[in-house]
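What follows is a single structure, written as structure tokens, with notes after it.
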Amino acid sequence: MPHKNIAAVILAAGKGTRMKSSLHKVLHPVGGRPMLHHLLETVDQLEASRKILVVGAGREQVEAAAQDCEIVTQTAQHGTGHAVMVTKEALSGHKGDVIVLYGDVPFIPLDVMQAMIDARHQNAKTGIVVLGFRPADPGKYGRLVLNETGELERIVEFKDATEAERAITLCNSGMMVFDGACLFDWLDQISNDNASGEYYLTDLVEIVHKAGRKVAVVEALEEDVLGVNSRADLALAEACFQNTRRQKAMDDGVTLIDPATTYFSYDTRLGQDVTIEPGVFFGPGVTVEDGVTIKAYSHIEGATVRKGASVGPFARLRPAADIGEGAKIGNFVEIKKATLDKGVKVSHLSYIGDAKIGADANIGAGTITCNYDGFLKFETIIGSGAFIGSNTALVAPVSVGAGALVGAGSVITKDVDADALAVARGKQSGRAGFAAKFREEQAAKKAAQKNKKGA
Ligand code: UD1
Ligand code: MG
């Protein structure tokens, strides 16, 4: 049953000291996108009617990335209970559910959120749903203390727990769903009389029991509630994200020769029968169509690679590179903001930037578009079927007409007409027998010098 009147409260006021970073913790990217945005995407899928972001430390940065969230500031951080208390005014009149999430737990799946909401509505008496999990190392997580009938009695923070309580393996992920009609009345009853001197959100469990309401527990997998507190956690979150993404790619009909060495962005789009060789990195904004091969050690961002094209090995595609159907980009080629039509070949050692290249043109080894004069960028246009000889410098703005030929080693500064030949290099001169004569003379000079020293 869908329950649509949900307010999501996302806590992100903590300092994140252990990241040792000038960037706010929730803005560190995983899969090329800030953690916070991963979480907000799932909240959007939940169709929450309100999205409230609680900010404090480093709030300017977080606010700037908050998309369409309502912002509430928690000026001083007095604990998770306090962080929810500060949303009281913003949520006055909200009678639906409140789901509390952490900005640094970005990968909580939609179905887990949904299971929590459903658990709240299974029994009208249920006032709180707690998301528990059983981590491999329970460490310093809060522990869920159950009674004899298996119901959650209270949550005890590690700092405040007895040895026996610390031995409990069912832990608090921190995420909870509340009956929003009562939440703030309950919050008024918590105190900061504990080992940290903080207002614990977790104290609401006992308060709700006293109010004669019920508490439910939903269990999640550890990977679903992975929190990021340090750079090591960030690396772990990235590894989890990549593994999920790789599996999805393979499920969707992509061959990854060595999945562990393929790196995706959150938005990488791949067609069917794409083959990706080892060591390929996708930055944000890439679309790869059906039947494409990306050869080993290529770096691709912001680019589109159309049907049946082949890229790499060791190729670099930068933003707004558009590689046409069946085109071939070879080794040590860099392409930026350039549209290559069907069947274009740039096979070796080239830089193509700010360019348009017509169908089936062949760009010889070492060709460079000189697109920048130190101040401004200029465009190179190459017509279909043109042949650009190796080691050509195309000094933009310049155009080469369809079917034209450019001689190897040319520095092209003027437009070339369609079907014309352009050669722009020093004329070759030659003298018959010169080399042989030169060798003979020099050898004789060297021998004379040696004799002089020996004398
Ligand atoms: C909290 C839980 C603990 C649980 C653990 C899971 C409480 C009292 N404890 O502990 O049971 O096992 O999370 O990770 O709730 N925050 C604010 N304002 C504050 C304090 C925190 O916005 O005043 C935010 C932080 O930015 C963070 C989240 O709330 O995103 C959790 O805070 P943290 O201090 O890490 O809580 P823990 O002590 O780890
Ligand atoms: Mg924590």
Side-chain angles (χ1 to χ4, degrees), residues 29-33 37-38 41-42 45 107 109 223 237-353 355-363 384:
V30 173
R33 162 162 86 162
H37 292 175
H38 284 280
E41 185 188 1
T42 315
Q45 289 164 357
F107 292 112
E223 68 202 53
E238 182 73 43
C240 283
F241 170 83
Q242 291 298 341
N243 277 334
T244 308
R245 200 57 199 71
R246 288 163 187 152
Q247 190 57 51
K248 184 180 181 306
M250 293 187 283
D251 291 346
D252 291 348
V254 172
T255 294
L256 305 180
I257 306 255
D258 185 5
T261 67
T262 307
Y263 292 86
F264 292 111
S265 271
Y266 70 98
D267 62 348
T268 310
R269 291 168 56 187
L270 302 164
Q272 254 184 38
D273 290 315
V274 167
T275 298
I276 300 173
E277 292 186 359
V280 172
F281 184 96
F282 291 97
V286 175
T287 300
V288 175
E289 294 183 358
D290 293 352
V292 164
T293 299
I294 311 284
K295 295 187 179 170
Y297 306 109
S298 294
H299 189 283
I300 301 177
E301 57 184 323
T304 302
V305 185
R306 300 191 186 274
K307 266 189 190 160
S310 154
V311 173
F314 301 101
R316 176 154 188 223
L317 301 184
R318 292 173 49 204
D322 186 330
I323 310 304
E325 209 175 306
K328 185 184 171 217
I329 306 302
N331 45 211
F332 307 108
V333 170
E334 174 181 343
I335 311 244
K336 185 219 75 168
K337 201 177 175 194
T339 302
L340 280 57
D341 288 348
K342 217 171 152 183
V344 167
K345 287 199 179 85
V346 190
S347 299
H348 333 265
L349 300 157
S350 283
Y351 170 66
I352 304 294
K356 289 198 178 79
I357 305 184
D360 299 315
N362 187 92
I363 312 300
S384 58

Closest heavy-atom pair and its distance - V274, G271: CG2-O, 3.5 Å

Reported CZ-to-CD distance for the pair F107 and E41, which is rounded to 0.5 angstrom: 10.0 Å

Atom of A303, atom of I300 and distance for their closest heavy-atom approach: CB-CG2, 4.1 Å

Nearest atoms (heavy-atom pairs only) where G31 meets E238: N-OE1, 3.0 Å

Sidechain-backbone polar pair: R33 side chain, S265 backbone, donor-acceptor under 3.5 Å: no

Without placing hydrogens or testing angles, list every side-chain donor-acceptor pair under 3.5 Å for residues 276-293, not counting sequence neighbours.
{"residue": "E277", "atom": "OE1", "partner": "A296", "partner atom": "N", "Å": "2.9"}
{"residue": "E289", "atom": "OE1", "partner": "K307", "partner atom": "N", "Å": "3.0"}
{"residue": "E289", "atom": "OE2", "partner": "R306", "partner atom": "NH1", "Å": "3.3"}
{"residue": "D290", "atom": "OD1", "partner": "Q272", "partner atom": "N", "Å": "2.7"}

Any donor-acceptor N/O pair, S298 side chain to A315 backbone, under 3.5 Å: yes

Test item: Q242 and R246 side chains (from C-beta on) under 4.5 Å apart, heavy atoms: yes

Test ring pair (Phe, Tyr, Trp, His ring centres under 6.0 Å) applied to Y263 - qualifying residues, sequence neighbours left out: none

T255 side, atom OG1; L270 side, atom CG - distance, nearest 0.5 Å: 11.5 Å

Geometric class of the Y266/H38 ring pair [parallel <30°, tilted 30-60°, perpendicular >60°]: perpendicular

Heavy atoms from other residues, nucleotides or ligands near NZ of K345 exceed 12 (cutoff 6.0 Å): no

Interatomic distance, D322 atom CG to T304 atom OG1 [nearest 0.5 angstrom]: 5.0 Å

Spatial distance of atom CG (D267) from atom CZ (R245) [nearest 0.5 Å]: 8.5 Å

Backbone of L317 reached by a side-chain donor or acceptor of E301 within 3.5 Å: no

Q247 versus N243, side-chain donor and acceptor atoms under 3.5 Å: no

Pairwise distance CG(D360) to CG(D341) - rounded to 0.5 angstrom: 9.0 Å

side-chain contact (heavy atoms from CB on, under 4.5 Å) partner of I329, the single match among I352, I294, I323, V344: I323

Nearest-0.5 Å distance, CZ of residue F314 to CG of residue N331: 8.0 Å

